[in-house]
Amino acid sequence: MTLSKLNRATAGVAQTRPVKILQFGEGNFLRAFADWIIDMMNERTGFNGAIHIVQPIPQGMGGMVNEQEGLYHVVLNGIRDGLPSRETRLITSVAGVVNPFEDYQEFLRLGENPDLKFVLSNTTEAGIIFSGSDASPDTLPGTFPGKLTVLLHHRYRFFSGAADKALIIMPCELIDKNGDALRNAILQYVAHWNLPEGFRDWISNHTVFCNTLVDRIVPGFPRDNIADIHQSTGYDDKLVVMAESFHLWVIEGTGLNKVFPADAAGLQVKFVNDMTPYRTRKVRILNGAHTALVPVAYLHGLRTVKDAVEDAYTGDFITKAIEEEIIPTLDLSADELRQFGRDVIERFRNPFIRHELMSIALNSVSKYKVRVLPSLLQYVALKKQLPPRLVLSLAALIRFYKGSWGSEIIDLNDTADVLDFFRQVWQQTSLETVAHQTLSNVSFWDQDLTQVPGLTQAVVEHLSRMEKKGAVADR
């Protein structure tokens, strides 16, 4: 079978919808989650909106997305009514990608669009920050909040501060109160750049920042069976994204469903007054389990989530970490939490999803701080002792960031300051020094973890065992 190049001409899909959404990030998650949801909204409701993507880093996938004119397939795999289920959908909601590193003015002109209503983003937990090194709005800022600030300021000036041209911003970064954090970072830039007071008021009083929670496992490009997918679709699609069928988007704010009618499309999108219970459950159990599992399973010789939960040692490790060390720290219904924990393990076992551990390992230090450390500290506060599995995970994370395991080089992916720190700290010959310097690094954890009774010694003991035995733990 001869495959066709995927574009709007070969697919017979014209881009006729107005661009209502600006999206920072062209990665797998947003394309398989938010862009899929918007595509479903276009089909099932009168939303009728397209997405223009801003490439967040100099070397991204924008060129590839533009080559396919925004089209790509999402393959959803899961279990439905006890039976295997697969659904493939051609996504048509993306209009194109702008690379601000190549054309700053084209990026700013996106703010002149009168139809624009929403901003989405997913720049990882480390993405919503303020940087004083962004000295001026005359050149492209380095951070996502800086880029958004200059675009919003351009829009404010272009429309003369019109209140009805302010936007609804729904960040998808997995940090607590992500909308509040983004607003605060933008206001820091307003002050840092001495932007007009009228713009500050426009941001504070008219721009809507929604706190959100997102949930869908997205392994990404299905390398193992891409040939079969190409044959079934008939297209040479270089942007196929595989994801699980499950999805949940919790958005804090009232009345938003009138302008963003995802719930009317029959989707698991909830508009709530307080998303805290949903966030705590999801971040601590699902994301926390992912992050706690990765270094332990990787150093145990495993490479996918499914293999890790089905392995006798790591499967028992993560199941008991959830049941005995994470769930007891949560102030929610015990039965509901246990059921959610069981559901998480089943989602991890999805036979159709090959979720690489290394794809979860991106920015693991900041992820551990947000997803796992609160459970560890709350367990200590409640039980007056250390949670053994979460401590092992922390030690394994530190060992993972040595960047090698046996004869293997680990392809670490984190911010430059994190990688530089571990490059230097692992030049030490003393494991006590490695543990102390890492745990006392307040820039990592927002506190000095050497003050947690017994934690440093426990981490040292785990590191010593790993170094001596070449294994993550005794079995």
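Quick note: residue numbers are just sequence positions, from 1.
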> Can K306 and E356 be counted as an ion pair, charged N to O under 4.0 angstrom?
Replying inline: no
Only distances under 3.5 Å count here; give the side-chain donor-acceptor pairs of residues 258-267 to other protein atoms, sequence neighbours excluded, each with its distance to 0.1 Å.
{"residue": "D263", "atom": "OD2", "partner": "N257", "partner atom": "ND2", "Å": "3.4"}

> Going by atom types only, do S333 and D335 share a side-chain donor-acceptor pair under 3.5 Å?
Replying inline: no
>> My understanding is that only residues two or more places apart in sequence, or in another chain, count here; which of them pass side-chain hydrogen bond (donor to acceptor under 3.5 Å, both in side chains) with K270?
In response: none
>> Between E67 and K238 (salt bridge meaning N to carboxylate O under 4.0 Å), is one present in this structure?
In response: no
>> Quick check with a 6.0 Å cut-off and a 45 degree axis cone: is R216 positioned over the face of W36's six-membered ring?
In response: yes
>> Apply side chain to side chain donor-acceptor pair (under 3.5 Å) to residues S133 and S131 and explain how you reach the verdict.
In response: CA-CA 5 Å; S133 62; S131 174; 2.6 Å; yes
> Which heavy-atom pair separates I318 from A289 by the least distance, and what is that distance?
Replying inline: CD1-O, 3.4 Å
> If every non-hydrogen atom of A32 is compared with every non-hydrogen atom of V74, which pair is closest and at what distance?
Replying inline: CA-CG2, 4.0 Å
>> Between F348 and H290, is the ring centroid distance below 6.0 Å?
In response: yes
Show the atom names and distances, to 0.1 Å, of all donor-acceptor pairs under 3.5 Å that link a side chain in residues 19-29 to residues at least two apart or in another chain.
{"residue": "K20", "atom": "NZ", "partner": "F47", "partner atom": "O", "Å": "2.5"}
{"residue": "Q23", "atom": "NE2", "partner": "G25", "partner atom": "O", "Å": "2.9"}
{"residue": "Q23", "atom": "NE2", "partner": "D35", "partner atom": "OD2", "Å": "3.1"}
{"residue": "E26", "atom": "OE2", "partner": "M61", "partner atom": "N", "Å": "2.7"}
{"residue": "N28", "atom": "OD1", "partner": "R31", "partner atom": "NH2", "Å": "3.1"}

> Please, which pairs that meet salt bridge (charged side-chain N to carboxylate O under 4.0 Å, His left out) have at least one residue in residues 90-111, sequence neighbours excluded?
Replying inline: none
> Can you find a heavy atom in the side chain of R284 that is under 4.5 Å from one in the side chain of L330?
Replying inline: yes
> How about Y235 and H230: do any of their side-chain heavy atoms sit closer than 4.5 Å?
Replying inline: no
> Between K320 and D316, does at least one N-O distance fall below 4.0 Å, as a salt bridge requires?
Replying inline: yes
> Who pairs with K5 by side-chain hydrogen bond (donor to acceptor under 3.5 Å, both in side chains), at least two apart in sequence or on another chain?
Replying inline: none
> What about H153 and W193, are their ring centers closer than 6.0 Å?
Replying inline: no
>> Give me each pair satisfying salt bridge (charged side-chain N to carboxylate O under 4.0 Å, His left out) with a member in residues 144-172, each pair once, sequence neighbours excluded.
In response: none
